[in-house]
Asks: 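Have a look at this one before I ask anything.
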There are 2 protein chains.
Amino acid sequence: MPAPRANYHHGDLPNALVRTALRLIGRGGIAALSLREVAKRAGVSASAVYRHYADKEALLAAVAAEGFGRLNAAFVAALAAAPRQPRARLVALGQAYAAFALGHPEQYRLMFGNGRTDSRDERLVAEARQSFRHLEEAVAATLGRAADEPAVIAGAVAAWSLVHGYAMLRLDGRLDDLPPDRVPDISRVLDRLVTG
Amino acid sequence: MPAPRANYHHGDLPNALVRTALRLIGRGGIAALSLREVAKRAGVSASAVYRHYADKEALLAAVAAEGFGRLNAAFVAALAAAPRQPRARLVALGQAYAAFALGHPEQYRLMFGNGRTDSRDERLVAEARQSFRHLEEAVAATLGRAADEPAVIAGAVAAWSLVHGYAMLRLDGRLDDLPPDRVPDISRVLDRLVTG
DNA sequence: GCCGAATGTGAACGATGTCAACATAGGACT
DNA sequence: AGTCCTATGTTGACATCGTTCACATTCGGC
């Protein structure tokens with residue numbers, strides 16, 4: 001539904017492009033996404049995109065930033081619903097993380113895995129940093145230490161690594177060889193880290 | 001050095017293409033790699049590639065397979081040099097894994113992260129499976145259980161997730177925000193998993 | 001109502017992955 | 001040795017892609 005618009009001007013092209021890109025990515029994956037297709041679906045010529053994004057990569061960075069925004073929202077929601085016990089809260093974060101990654105595979109892959117972050121996009125940098133801060137706080141609470149202590153940083157990196165690696169392996173189908181009833185879910189994997 | 005060849009036939013084009021692709025990837029990254037460039041550097045026309053690989057993705061799958069082969073060789077070497085104690089051997093595997101990933105960033109990214117494995121490449125599938133088996137065995141020895149028990153599978157998945165996630169986060173520059181002296185190295189992260 | 005800035009258009013360029021038609025080399029069989 | 005089949009390589013073409021340039025339209029402030 002390219003939705004022919006009446007006006008010469010679009011109204012909110014930047015957001016419309018991000019939403020369109022997101023929809024197309026969900027259909028055909030990242031590799032199959034073309035700038036021209038996004039523009040056409042948004043009812044606009046290809047070159048119009050360049051009024052709002054420096055290039056294709058910048059548009060994808062905006063999609064990634066939106067993803068980190070949603071991830072952070074999911075974190076906040078998970079923490080609100082979680083019990084008070086620090087360890088349980090950390091596990092809740094990990095579960096929310098994995099649920100997001102497995103629920104939005106292509107966007108998640110855009111947020112990671114496509115080479116380095118596009119540091120031109122300030123929102124992307126800020127939202128990504130915020131995600132890490134959520135993790136750090138939960139680890140700090142679990143260990144009962146200040147957030148900037150080396151042990152806390154190491155713990156947060158370990159937790160992030162575990163959950164990110166698990167998500168990536170599953171998204172890439174790397175665990176599909178396992179008997180389906182043997183693929184451990186994220187809780188089981190998290191237990192290995194949080195407990196001994 | 002496109003090395004003009006005397007003969008009409010090349011001799012060992014398939015391997016030459018993989019080696020050339022690997023070299024170019026090391027220079028400019030995966031995204032910048034073009035089939036035509038690989039062919040030119042190998043001293044051959046672009047369409048000659050299609051006599052040996054179904055398409056660009058198939059060639060990249062061959063490069064990935066070669067990577068898994070090298071990873072497995074690194075595993076074997078690490079195990080040969082490691083002490084007898086099961087836990088130390090598991091850590092040695094993790095270190096060898098991280099060293100490979102950080103030492104060959106682009107090839108590692110090709111082995112993972114570019115969507116699902118190209119299952120048309122049998123060698124790729126076999127080598128990847130072998131990598132996981134190494135891990136499984138080390139985890140089984142550490143836990144003192146049989147390799148196909150659910151607890152061992154869960155442990156192997158957890159170990160792989162941790163080390164793969166760590167490598168990916170570092171490759172994507174996601175840990176570059178941290179004060180440089182605070183970026184935990186792989187041993188420190190592994191400790192969190194292997195000990196309590 | 002005028003005018004500059006913001007936003008959108010269309011045509012064009014070079015590069016890319018892929019394919020079809022053709023050329024050549026090399027080995028098997030006589 | 002000569003013949004033919006097949007594997008391998010080449011040339012030229014096509015559609016598509018990201019990107020740019022010159023131009024058109026609209027909007028907001030004066």
Side-chain angles (χ1 to χ4, degrees), chain A residues 2-25 27-64 106 110 114-116 118 120-121, chain B residues 2-25 27-64 106 110 114-116 118 120-121:
Chain A
R5 67 188 194 288
N7 313 340
Y8 185 87
H9 283 237
H10 183 286
D12 189 16
L13 231 206
N15 283 330
L17 290 173
V18 169
R19 284 197 307 272
T20 305
L22 205 39
R23 187 158 50 87
L24 291 181
I25 281 174
R27 289 275 300 138
I30 299 171
L33 185 83
S34 84
L35 230 211
R36 294 173 111 110
E37 177 82 5
V38 174
K40 186 183 306 184
R41 298 293 186 119
V44 118
S45 78
S47 36
V49 176
Y50 290 84
R51 297 292 166 192
H52 305 278
Y53 299 100
D55 49 24
K56 185 187 183 184
E57 201 188 335
L59 171 58
L60 295 186
V63 176
E106 298 298 338
L110 211 54
N114 271 6
R116 2 207 84 232
D118 187 341
R120 293 174 302 178
D121 190 318
Chain B
R5 68 188 193 288
N7 312 341
Y8 186 87
H9 283 242
H10 183 287
D12 190 15
L13 231 206
N15 283 332
L17 289 173
V18 168
R19 283 197 306 272
T20 305
L22 204 40
R23 188 160 49 89
L24 291 181
I25 281 174
R27 290 277 300 138
I30 299 171
L33 185 83
S34 83
L35 229 212
R36 293 171 111 109
E37 178 82 6
V38 174
K40 186 182 307 184
R41 298 295 185 117
V44 118
S45 78
S47 36
V49 176
Y50 290 85
R51 297 292 168 193
H52 304 278
Y53 298 101
D55 48 25
K56 185 187 183 184
E57 201 189 336
L59 170 59
L60 294 186
V63 176
E106 298 299 336
L110 211 54
N114 270 6
R116 3 207 82 232
D118 188 341
R120 293 174 301 178
D121 191 318

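Throughout, protein chains are lettered first and strands after them, A, B, ... in sequence-line order, and every chain is numbered starting at 1.
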Asks: Could you list the residues that satisfy side chain to side chain contact (heavy atoms under 4.5 Å, CB included) with B/Ser47, not counting sequence neighbours?
Replies: B/Ser45
Asks: Sugar-phosphate means primed atoms, P, OP1 and OP2; the rest is base. With that split, encode nucleotides 16-21 of chain C 5' to 3' as B, S or - using protein heavy atoms under 4.0 Å.
Replies: BBBBBB
Asks: Suppose we screen for salt bridge (charged side-chain N to carboxylate O under 4.0 Å, His left out). Which residues come up paired with A/Arg120, at least two apart in sequence or across chains?
Replies: A/Asp55, A/Asp118
Asks: Given axes from five pairs at either end, by how many degrees does the helix from C/dG1-D/dC30 to C/dT30-D/dA1 bend, rounded to 10°?
Replies: 0°
Asks: For D/dA7, does either OP1 or OP2 sit under 4.0 Å from a side-chain N or O belonging to B/His52?
Replies: no
Asks: Could you measure the distance from the NZ atom of B/Lys40 to the CG atom of B/Leu24? Nearest 0.5 Å is fine.
Replies: 11.0 Å
Asks: Looking at CG of B/Leu110 and CG of B/Leu33, how far apart are the two atoms once the value is rounded to the nearest 0.5 Å?
Replies: 8.5 Å
Asks: What's the spacing between A/Arg27 CZ and A/Ile25 CD1 if we round to 0.5 Å?
Replies: 13.5 Å
Asks: Could you tell me how far apart A/Asp12 (CG) and C/dT7 (C1') are, to the nearest whole angstrom?
Replies: 13 Å
Asks: How long is the line joining NZ of A/Lys40 and P of D/dT16, in whole Å?
Replies: 8 Å
Asks: State which residues pass side chain to side chain contact (heavy atoms under 4.5 Å, CB included) with A/Arg51; sequence neighbours excluded, sorted by chain then number.
Replies: none
Asks: Keeping A/Tyr53 on the side-chain end and A/Pro14 on the backbone end, is there a donor-acceptor pair under 3.5 Å?
Replies: yes
Asks: Restricting to side chain to side chain donor-acceptor pair (under 3.5 Å), what partner residues turn up for B/Glu37, sequence neighbours left out?
Replies: B/Arg41
